[in-house]
Amino acid sequence: MSTSENSARALRGEMYYAFTPELVAARRRCAEARHIFNNTAFASRRKQIEMWNEITNDKTPLPPPATSEAEDEALLSSYPWVEAPFYADYGTNIHLGSNVYINTSCTMIDTCPIYIGARTLFAPNVHLYSGTHPLDPEVRNGTAGPEMGGEIRIGEDCWLGGGCIVLPGITIGRGSTVGAGSVVTKDVPEYTVVAGNPASVIKQVPRRTDEARTSGALAALERDQAAGK
């Protein structure tokens with residue numbers, strides 16, 4: 001089915017109407033997929049990915065299952081990992097890179113596209129709001145009025161702390177960190193640490209510290225793997 005002009009305007013961030021039959025049906029489709037995702041306990045890694053792909057309506061087939069569950073988890077190790085519960089309006093406008101981790105109770109209002117780059121990590125209760133409303137109350141007009149938005153882009157290798165909020169139209173540059181509880185109201189440069197409400201630059205991100213090796217964590221992991229633990 002071709003996309004309506006109203007839906008196309010929504011994706012572009014232009015003023016549109018959210019309570020048309022087409023968009024209400026799209027949100028209901030997502031709600032049904034979310035309900036299954038959020039209420040299925042102890043799912044295998046493969047099942048978890050399949051349920052997530054139902055939320056985003058991603059029809060890309062997974063690789064054939066491996067011979068054991070452990071081998072299958074290794075096969076799927078680069079796929080994004082999203083913890084329940086999770087909320088999105090549409091799901092179809094969410095794009096996650098490889099090795100992304102989304103911790104519990106995340107909300108993504110995906111009126112407009114939301115892009116999250118590879119290896120980015122979310123703490124619990126991160127909220128991304130790509131939708132917004134007119135300030136003029138006569139135009140806003142409750143559920144009968146128009147809405148609008150702006151796409152959100154979060155680069156590779158970012159870390160968003162617990163309870164932070166990202167507003168419409170924001171880009172967070174690669175390698176940046178957002179402190180817990182922050183409200184991001186403007187773009188964040190690459191490799192910076194921001195915090196506060198509104199979030200502002202605190203310092204630059206340290207780089208090439210090699211802490212995984214110097215702390216002994218990597219060596220301990222390798223010894224455990226060699227011992228089959």
Side-chain angles (χ1 to χ4, degrees), residues 2-31 34 55-57 85-96 102-117 120 122-155 158-174 176-190 192-202:
S2 62
T3 301
S4 68
E5 184 177 354
N6 184 64
S7 294
R9 290 179 64 87
L11 288 173
R12 295 194 298 266
E14 299 170 3
M15 205 168 273
Y16 77 102
Y17 288 84
F19 286 87
T20 63
E22 177 189 24
L23 292 181
V24 169
R27 291 195 294 275
R28 284 176 176 160
R29 182 212 65 81
C30 183
R34 277 196 338 261
I55 292 176
T56 61
N57 207 25
F86 173 85
Y87 180 86
D89 274 349
Y90 300 100
T92 51
N93 299 326
I94 297 170
H95 309 277
L96 305 184
I102 306 295
N103 213 324
T104 186
S105 300
C106 177
T107 294
M108 297 189 193
I109 304 300
D110 59 324
T111 301
C112 295
I114 294 174
Y115 299 95
I116 300 172
T120 284
F122 281 18
N125 292 299
V126 170
H127 289 198
L128 308 182
Y129 301 148
S130 77
T132 187
H133 300 273
L135 291 178
D136 183 336
E138 284 79 23
V139 175
R140 191 165 61 240
N141 196 25
T143 58
E147 304 177 7
M148 63 277 201
E151 73 177 32
I152 293 173
R153 289 184 174 269
I154 299 174
C158 292
W159 173 26
L160 275 64
C164 72
I165 296 171
V166 180
L167 298 187
I170 296 298
T171 294
I172 297 177
R174 180 175 185 170
S176 291
T177 294
V178 179
S182 298
V183 179
V184 184
T185 63
K186 60 183 179 181
D187 290 352
V188 176
E190 292 186 351
T192 56
V193 178
V194 301
N197 181 6
S200 59
V201 175
I202 302 300

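Given the structure is predicted, the values throughout are model-derived calculations rather than measurements. Atoms considered below: every heavy atom in the structure, side chains included; atoms not considered: hydrogens, waters and symmetry mates.
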Under 3.5 Å: donor-acceptor pair, side chain of Asn197, backbone of Val183
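Not confirmed, Asn197 side chain does not pair with Val183 backbone.
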
Which residues pass the side-chain contact (heavy atoms from CB on, under 4.5 Å) test with [X], not counting sequence neighbours?
X: Thr132; result: Met148, Pro168
X: Asn6; result: Ser4, Tyr16, Tyr17, Thr20, Leu23
X: Ala123; result: none

Restricting to side-chain hydrogen bond (donor to acceptor under 3.5 Å, both in side chains), what partner residues turn up for [X], sequence neighbours left out?
X: Arg12; result: Glu14
X: His127; result: Tyr129
X: Ser200; result: none
X: Asn57; result: Lys59

Could you pull out the closest heavy-atom pair between [X] and [Y], with the gap in Å?
X: Glu190; Y: Ser176; answer: C-OG, 3.5 Å
X: Val139; Y: Pro146; answer: O-CD, 3.1 Å
X: Cys30; Y: Ala88; answer: SG-O, 3.6 Å
X: Thr120; Y: Gly155; answer: OG1-O, 2.7 Å
X: Asp187; Y: Gly169; answer: OD1-O, 3.8 Å
X: Ile165; Y: Leu167; answer: CG2-CD2, 3.8 Å

Salt bridge (charged side-chain N to carboxylate O under 4.0 Å, His left out) contacts in which one or both residues fall within residues 126-147, not counting sequence neighbours
none

Reported [atom1]-to-[atom2] distance for the pair [X] and [Y], which is rounded to 0.5 angstrom:
X: Ile152; Y: Thr171; atom1: CD1; atom2: OG1; answer: 9.0 Å
X: Arg34; Y: Phe86; atom1: CZ; atom2: CZ; answer: 8.5 Å
X: Ile202; Y: Thr192; atom1: CD1; atom2: OG1; answer: 10.0 Å
X: Glu22; Y: Arg27; atom1: CD; atom2: CZ; answer: 10.5 Å
X: Thr104; Y: Ile102; atom1: OG1; atom2: CD1; answer: 11.5 Å

Can you name the salt bridge (Lys or Arg N to Asp or Glu O under 4.0 Å) partners of Glu151, sequence neighbours left out?
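Salt bridge (Lys or Arg N to Asp or Glu O under 4.0 Å) list for Glu151, sorted by chain: Arg153.
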
Taking only residues two or more places apart in sequence, or in another chain, which ones meet Arg174 in a salt bridge (Lys or Arg N to Asp or Glu O under 4.0 Å)?
Glu156, Asp157

Please tabulate, one pair per line, all N/O donor-acceptor pairs under 3.5 Å involving side-chain atoms of residues 105-117, not counting sequence neighbours.
unit_1, atom_1, unit_2, atom_2, d
Asp110, OD1, Asp89, N, 3.1
Asp110, OD1, Tyr90, N, 2.8
Asp110, OD2, Gly91, N, 2.6
Asp110, OD2, Asn93, N, 3.3

Validation row: Ile55, Ile94 side chains within 4.5 angstrom (heavy atoms)
no

Does the side chain of Val166 reach to within under 4.5 Å of the side chain of Leu160, using non-hydrogen atoms?
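Val166 reaches Leu160 side chain to side chain.
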
